[in-house]
*Asks:* 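Got a structure here, written out as C-alpha cells. Questions coming.
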Amino acid sequence: MTLKTLGNSDLNITPIGIGAWAIGGGKWQFAWGPQDDDESVAAIRAGLDRGINWIDTAAVYGLGHSETVVGRAIEGLATRPYIFTKCSLVWDESGKISHNLLAASIAREAESSLKRLKVDAVDLYQIHWPAWQGGPESASPGSIEEAVGALAKLREQGKIRHIGVSNFDAVQMQRARAVAPITSLQPPYSLLARGIETSTLPFALEHGIGVIVYSPMASGLLSGAMTRERIAALAQDDWRRNTPNFQDPLLSRNLQLVEVLRAVGRRHNATPGEVAIAWTLRNPAVTGAIVGVRSAQQVSGIAGAADVRLSPNEARAIDQQLVLQPA
C-alpha cells in the first residue's frame, strides 16, 4: 500500500487503518454485541499481514477491553504497527460513561492506556470528544485548551508522540492548535455522513492537519454484507439497532445504495465496502480511513480499498443514487 504522511508528523500511514471499536466486546453503552477475543487478535494480525500499519482504538471501547486486546495482538511482533488511542471519556464502577477534559484526568487515562496496550509511548493520542452527547462544552469539567495542554505535557514526557483530536469542528480545531500543534483530526465520514465537507475538511486541508475518518462504511451498513435479516438478528446490546440508518425509511434507501456500490465494485473486482471506503479516500483532505474488523475473514473484504480508484463517472453515479433516493 502507498504510504501517506499524517499531518505534521513523521507517521507514514497506509490508506486504511484497523479500527478496534467493536472488539471492545459487549455489555457496555456503545457495544456492537459479544465478541471473541481470539477472533479479534486474529483479525488484527490478518490486517497487519495485509500491510496495514496502524491500529486505532480508545480507552472507552469496551471500558478498557479493546486496548487490552490490541496490546495482546501486538505483543511480541518484530515490527510494531503505529498505535493510536483516545482520551476524555471515563467511566465509573457501574460502567457509566462521562466526559472529562481536566489535565489530571487525562494524565491518569494516559497511564492506564499505556499499561493496557503494553507500550512505552502512544504514537497518536487523541481527545475523543470536545463535548459529550450533544451537550455544551461547559457541561464537562475542564476545557479543550486544558486538555490540549495536558497532551503537550505528555508529549514532552515521551509518553505520546503526536497530538490528535476527534469529532472537533473547525472552530474547536483552531482553539486546539493555538495551544499546541495538532497532527490530525478523526471525524465520521461516509456517503451517509457528509456534514464535514463544508468547513471541517477544508480547514484541516488548509492548515496541514491530517484526517483519518471513521465509519467509512457507515458502521458496516455499506459493507455489502448487511441485510434486513442480519440487522434484525443484531445482538440486543448492539447500538446500531436503534439508529435511523438501520431502520426504515432510511434503510431501504441505504440498501439500494449498496447495490450501486456493488455494481461499481464489479468493475474493480472490489466489494461494496471497498468502494465505499475508496469514495472517502477521494477527498484531498483525507489521509486515511479507519475500518473496523471483527474476524480475519473480514479483512479480505476491506483491504483492497486502498487500490480502488473511482473514476469521475463512477463517483457521480454513486452520488446520484443519493439524489434520486433522498432521505
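Only this structure's heavy atoms are used, side chains among them; waters, hydrogens and symmetry mates stay out. Numbering starts at 1 and runs along the sequence shown.
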*Asks:* Let me check something: do Leu205 and Val165 share a hydrophobic cluster, defined by ILVMFWY side-chain heavy atoms less than 4.5 Å apart, either directly or through other members?
*Replies:* no

*Asks:* Ignoring hydrogens, what is the shortest heavy-atom contact between Val179 and Gly149? Give both atom names and the distance.
*Replies:* CG1-N, 3.8 Å

*Asks:* How long is the straight-line distance from OG of Ser143 back to CG of Leu101, given to the nearest 0.5 Å?
*Replies:* 7.0 Å

*Asks:* Are side-chain N/O atoms of Asp92 and Ser94 paired as donor and acceptor at under 3.5 Å?
*Replies:* yes

*Asks:* Could you tell me if the side chain of Asn167 sits less than 4.5 Å from the side chain of Pro188, heavy atoms only?
*Replies:* yes

*Asks:* Stepwise, does the side-chain contact (heavy atoms from CB on, under 4.5 Å) test hold for Leu261 with Leu191?
*Replies:* CA-CA 11 Å; Leu261 299 178; Leu191 278 158; 3.9 Å; yes

*Asks:* Would you tell me whether Gln321 and Glu259 have side-chain atoms, one donor and one acceptor, within less than 3.5 Å of each other?
*Replies:* no

*Asks:* For a quick test of reading the model, state the closest non-hydrogen atom pair linking Thr85 to Ala59 and the distance between them.
*Replies:* OG1-N, 3.7 Å

*Asks:* Show, in sequence, the C-alpha distance, side-chain angles and deciding distance for Leu310 and His268, and conclude whether the side-chain contact (heavy atoms from CB on, under 4.5 Å) test is met.
*Replies:* CA-CA 9 Å; Leu310 299 178; His268 295 270; 4.3 Å; yes

*Asks:* What are the two closest heavy atoms between Ala315 and Arg282, and how far apart are they?
*Replies:* CB-CZ, 3.5 Å

*Asks:* Determine, stepwise, if the pair Arg228 / Asp248 fulfils salt bridge (Lys or Arg N to Asp or Glu O under 4.0 Å).
*Replies:* CA-CA 10 Å; Arg228 290 182 182 276; Asp248 275 324; 2.9 Å; yes

*Asks:* So that I can tick it off, tell me whether Glu111 and Arg108 are bridged by a salt bridge, with the cut-off set at under 4.0 angstrom between side-chain N and carboxylate O.
*Replies:* no

*Asks:* If we count only N and O atoms by modelled type, under 3.5 Å, do the side chains of Glu197 and Asn283 hold a donor and an acceptor together?
*Replies:* no

*Asks:* Below 4.5 Å, heavy atoms only, C-beta onward: do Glu274 and Pro216 meet side chain to side chain?
*Replies:* no

*Asks:* Would a 4.5 Å heavy-atom cut-off, applied to side chains only, mark Arg50 and Ile18 as touching?
*Replies:* no

*Asks:* Backbone N or O of Ala110 within a donor-acceptor pair of the Tyr125 side chain at under 3.5 Å?
*Replies:* yes

*Asks:* Rounded to the nearest 0.5 Å, how far apart are CD1 of Ile55 and CG of Leu48?
*Replies:* 5.0 Å

*Asks:* Kindly compute the distance separating CG (Asn254) from CG (Leu221), expressed to the nearest 0.5 Å.
*Replies:* 5.0 Å

*Asks:* Hydrophobic side-chain clustering at under 4.5 Å (ILVMFWY, transitive links): who's grouped with Leu124? Put none if nobody.
*Replies:* Leu6, Leu11, Ile13, Trp21, Trp28, Phe30, Trp32, Trp54, Val60, Tyr61, Leu63, Tyr82, Phe84, Leu89, Trp91, Ile97, Trp129, Trp132, Ile212, Tyr214, Trp239, Ile290

*Asks:* Closest heavy-atom contact between Asp237 and Gly33?
*Replies:* OD1-CA, 3.1 Å

*Asks:* Would you call Val213 and Pro187 a side-chain contact if the rule is heavy atoms closer than 4.5 Å?
*Replies:* yes

*Asks:* Rounded to the nearest 0.5 Å, what's the gap from CG on Leu201 to OG1 on Thr280? Could you check?
*Replies:* 10.0 Å

*Asks:* Taking 4.0 angstrom as the limit, do Arg294 and Glu39 come out as a salt bridge?
*Replies:* no

*Asks:* Sequence neighbours left out, what passes side chain to side chain donor-acceptor pair (under 3.5 Å) with Asp307? Give chain and number order.
*Replies:* none

*Asks:* Any chance you could lay out the side-chain contact (heavy atoms from CB on, under 4.5 Å) test for Thr57 and Val69, step after step, and finish with the verdict?
*Replies:* CA-CA 10 Å; Thr57 184; Val69 174; over 6 Å; no

*Asks:* Does CG in Asp10 sit with more than 12 non-hydrogen atoms of other residues, nucleotides or ligands closer than 6.0 Å?
*Replies:* yes

*Asks:* I'd like to know whether Gln126 forms a side-chain contact (heavy atoms from CB on, under 4.5 Å) with Cys87, so could you lay out the CA-CA distance, the side-chain angles of the two residues, the decisive distance to 0.1 Å, and finally the verdict.
*Replies:* CA-CA 6 Å; Gln126 305 156 96; Cys87 62; over 6 Å; no

*Asks:* In the single-linkage hydrophobic clustering (I, L, V, M, F, W, Y; side-chain heavy atoms under 4.5 Å), do Leu102 and Val90 co-cluster?
*Replies:* no

*Asks:* In plain terms, say whether Lys86 and Glu109 are close enough for a salt bridge, that is, a side-chain N and a carboxylate O under 4.0 Å apart.
*Replies:* no

*Asks:* When Asp123 is tested against each of Lys159, Arg80, Arg155 for salt bridge (charged side-chain N to carboxylate O under 4.0 Å, His left out), which residue passes?
*Replies:* Arg80

*Asks:* Using a strict cut-off of less than 4.0 Å between a Lys/Arg side-chain nitrogen and an Asp/Glu carboxylate oxygen, indicate whether Asp38 and Arg72 qualify as a salt bridge.
*Replies:* yes

*Asks:* Do Asn100 and Ser140 have side chains that get closer than 4.5 Å, going by heavy atoms?
*Replies:* no

*Asks:* Would you mind reporting whether Val119 and Leu114 have side-chain heavy atoms less than 4.5 Å apart?
*Replies:* yes

*Asks:* Hey, could you give me the CG/OG distance between Asp56 and Ser184, rounded to the nearest 0.5 Å?
*Replies:* 9.0 Å

*Asks:* Within the structure provided, determine whether Arg241 and Gln247 are in side-chain contact (heavy-atom separation under 4.5 Å).
*Replies:* no

*Asks:* Verify, without hydrogens or angle tests, whether Thr68 (side chain) and Gly64 (backbone) share a donor-acceptor contact under 3.5 angstrom.
*Replies:* yes

*Asks:* More than 12 foreign heavy atoms under 6.0 Å from CG of Asp120: is that the case here?
*Replies:* no

*Asks:* Nearest heavy-atom pair of Arg194 and Asp319: which atoms, and what distance?
*Replies:* NH1-OD1, 3.1 Å

*Asks:* Report yes or no: do Asn53 and Thr14 form a side-chain donor-acceptor pair below 3.5 Å?
*Replies:* yes

*Asks:* Is Lys4 atom NZ crowded by more than 12 heavy atoms from other residues, nucleotides or ligands, each under 6.0 Å away?
*Replies:* yes

*Asks:* Determine the minimum heavy-atom distance between Ser300 and Gln297, stating which atoms define it.
*Replies:* OG-O, 2.7 Å

*Asks:* To the nearest 0.5 Å, what is the distance between CG (Leu257) and CG (Leu250)?
*Replies:* 12.0 Å

*Asks:* Using the side-chain contact (heavy atoms from CB on, under 4.5 Å) definition, which of the options Ile163, Thr183, Ile209 pairs with Asn8?
*Replies:* Thr183

*Asks:* Any side-chain heavy atom of Thr200 within less than 4.5 Å of one from Met173?
*Replies:* yes

